[in-house]
Amino acid sequence: MCCDLKRRFLLLYATQKGQAKAIAEEIWQQAGAHGLEADIHCMSEMDKYNLETEKDPVVIVISTTGTGDPPDTARKFVRKIRDTTLPPDHFAHLQYGLLGLGDSEYTFFCNGGKTVDRRLQELGAQHFYDTGLADDCVGLELVVDPWIDGLWLALKEAFLLQKEKEGMSSDVDAVSSSLSADPHIVHELNLSSEVQNLKLEDGGVRSSGVLTQKLVDISLVASTGDTEPSLVHSVPPVSQSALNIPALPPEYIEVQFQDIHGENPHLSSLISEGTTFEVPVTKAVQLTREDAIKTALLLELDIADTVFDYQPGDAFCVICPNNVNEVEELLHILGLSEKGDYLVCVKVKQGTKKKGATRPQHIPERGTLKFILTWCLEIRAVPKKAFLRALVECTSDGREKRRLQELCSRQGSSDYTRFIREPNVCLLDLLHAFPSCKPSLNLLIEHLPKLQARSYSVSSSNLHQPGKLWFVFNVVEFPACPTRAVSRKGVCTGWLAELVAPLLHPNKNTLDGRGGSPSTEKISIFARPNNTFHLPADPSVPFVMVGPGTGISPFIGFLQHRQRLRKEHTDWEFGETWLFFGCRHQDRDYLFKQLRCFLENGTLTHLKVCFSRDSSTAEVAPPKYVQDVIRLYAKEVARILLKEGGYFYVCGDKKHMADGVSDAVVDIISMEMEVDKLEAMKILATLREAKRYLQDVWS
Ligand code: FAD
């Protein structure tokens, strides 16, 4: 009994989009195969665990959200451990291992995990295993998989140490014998839950009768390039190796179809983040010319009849459905076309082996099949390896089965990255490529994450135009490629673009008048306030705004707000304002030519614009990107930031722009203060800390 207790560890996860939860569940599952028991809880369930009295090792998996914040589910926990009255030995009894998840394209990489890690250390807790920081930018699995592999040996050592401390050497033997000290053996144990010498069982190609045109395209790719691997085709060594594949996740959901009509739940019941508002779209304007590379739209929402409120700089979320054709296609492939309007009762499967199984919160207990596929499940999500593993069981063709096994195996790890993760393959792409794979609805509910609402920055001021909210977005486009037979649009932006198409009249689109005919279309939104990306509280403080492309969006709100304040408070002192904007072509995608008005009425002191793709006949080529222009104004930027206590705001593309801008600012600081680059970076870090260098960036 005592020995059993000592094989327990506490497993906490804090998740925003479900990844930390899925990884924690993977650890929980593997623990079973090691004869260990993981007591798994979401960090927010603070009544179910108590770190103050916890004696067993603690494993924490935690993601990062926003600009380096811990996920919402960790907020209470973080607040608790941040209590400054806690003594430095508060957690001296605690041993823990932490796995942080993040994205290195954001400035505060894995900050959620780092914050918790740092604070636990400050409070005396000890690492029994090195912290892992996994990067979604290159593939979480690159760190997650080896981190989990190493966890078992580290846990074993933690148990041994714990027992030694307690002088219970007899139990040590028991634990010791269950887990080999040899890391390689542990490694094998880890995977031996389902190590299979998987060979091609059925080398025959499937009858092509069932293949659609799209599928023929995909299989052609495979057959013409026999020496080249693809999504459906592998080459040695992967094609010839024995495979280590993950354990089959236990099924835990049961669905029952009812051929009766019933009400679907209201969308707001699926949202845990706050109150939702259904608001009409009153205007839609295409800000780009037809020949621009990307299409940018501005939508106006009427929020006058709601209590929805915002400040310039805030973001909000749009609840969006999946593409209706993709839902129909999925129903067809699943053989459920006839049942789209049936009510589905979703329950936890009786006798499931999944510990603590519950119906996912984003799935209603009763809703029509179409409702679940349209509003609840992110059908575009990149399938995780555990999902691939489960799909193997629903695939009848031997070759397809083997390839799916390869893609979720350790040996096929780089194929997974190359053919699934990097090209963002979704479930439909997989089902096209592997036509004998026929998953059940319950599997989809178990493995597809929640369909997330999409965030947008507000592009207006409630002071300037009360009761209205503007936002601006690019319609995301994914072209067809060898793994995706058809081109697709972004889930939310594609839907919005279609929804407002009748409102768009290319020749009449202006920001002042109504863009086309009045609309009755409504969308559901909820608030996502930004705590820091706001105008300086003191209007006399100068500030710099950098917002190329749709990154200009919140600054339109800033400027509208400022314009109104200047009109209302003629006796106030207002600091100087700079705006750096960039786009590809002056004629095609200069989103807000009206910026000149702000300049003319004095709201904006300096407007600096660059065009990255316009050719120039000038002797000295003009700067292409905002960071290049910022460098030209080094002295002014340094004066505002370093001498006048000003603010610096950056908004837009995180991948290509935000780092370029911060590099430019580091160089400016280094040059103007005559310090080396490292010192300049430290100064920038203090500006960030003081919330005077602020970023609102997205991919
Ligand atoms: P999705 O379908 O979600 O696809 C978008 C991303 O998913 C792509 O960038 C890519 O990384 C990946 N992806 C998915 N499928 C594929 C595929 N098949 N091939 C390749 N890649 C794929 N956006 C704006 O335009 N304006 C804003 O003001 C704005 N403000 C934001 C504020 C915040 C705080 C945040 C977090 C984001 C903001 N965004 C903004 C981004 C916005 O939330 C959405 O991510 C964006 O509009 C795309 O949504 P979507 O559903 O159309 O695309």
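Indexing begins at 1, ligand by ligand and atom by atom, following the structure's order. None of these values were measured; they are calculated from a predicted model.
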Output all residues satisfying salt bridge (charged side-chain N to carboxylate O under 4.0 Å, His left out) with R488, sequence neighbours left out; order by chain, then residue number.
-> E326, D429
Are T282 and E300 close enough that a side-chain donor and a side-chain acceptor fall under 3.5 Å?
-> yes
Would you please say whether a donor-acceptor pair under 3.5 Å links the side chains of R528 and S455?
-> yes
Are Y590 and F611 close enough, and set up right, to give a ring pair (Phe, Tyr, Trp, His ring centres under 6.0 Å), and what steps lead you there?
-> CA-CA 9 Å; Y590 192 158; F611 308 101; 5.8 Å; yes
Per the under 4.0 Å non-hydrogen criterion, ligand 1 touches R380, P423, N424, R454, S455, Y456, S457, V472, F473, N474, V476, F478, R484, G490, V491, C492, T493, R528, D696, W698
Atom pairs and distances, side-chain donor-acceptor, residues 306-315, under 3.5 Å, sequence neighbours left out:
unit_1 : atom_1 : unit_2 : atom_2 : d
T306   : OG1    : I303   : O      : 2.8
T306   : OG1    : F308   : N      : 3.1
D309   : OD1    : N462   : ND2    : 3.3
Y310   : OH     : S460   : OG     : 2.9
Y310   : OH     : N462   : N      : 3.2
Y310   : OH     : K468   : O      : 2.9
D314   : OD1    : N530   : N      : 3.0
D314   : OD1    : H534   : NE2    : 2.8
D314   : OD2    : Q311   : N      : 2.9

Taking only residues two or more places apart in sequence, or in another chain, which ones meet C610 in a side chain to side chain contact (heavy atoms under 4.5 Å, CB included)?
-> V626, V629
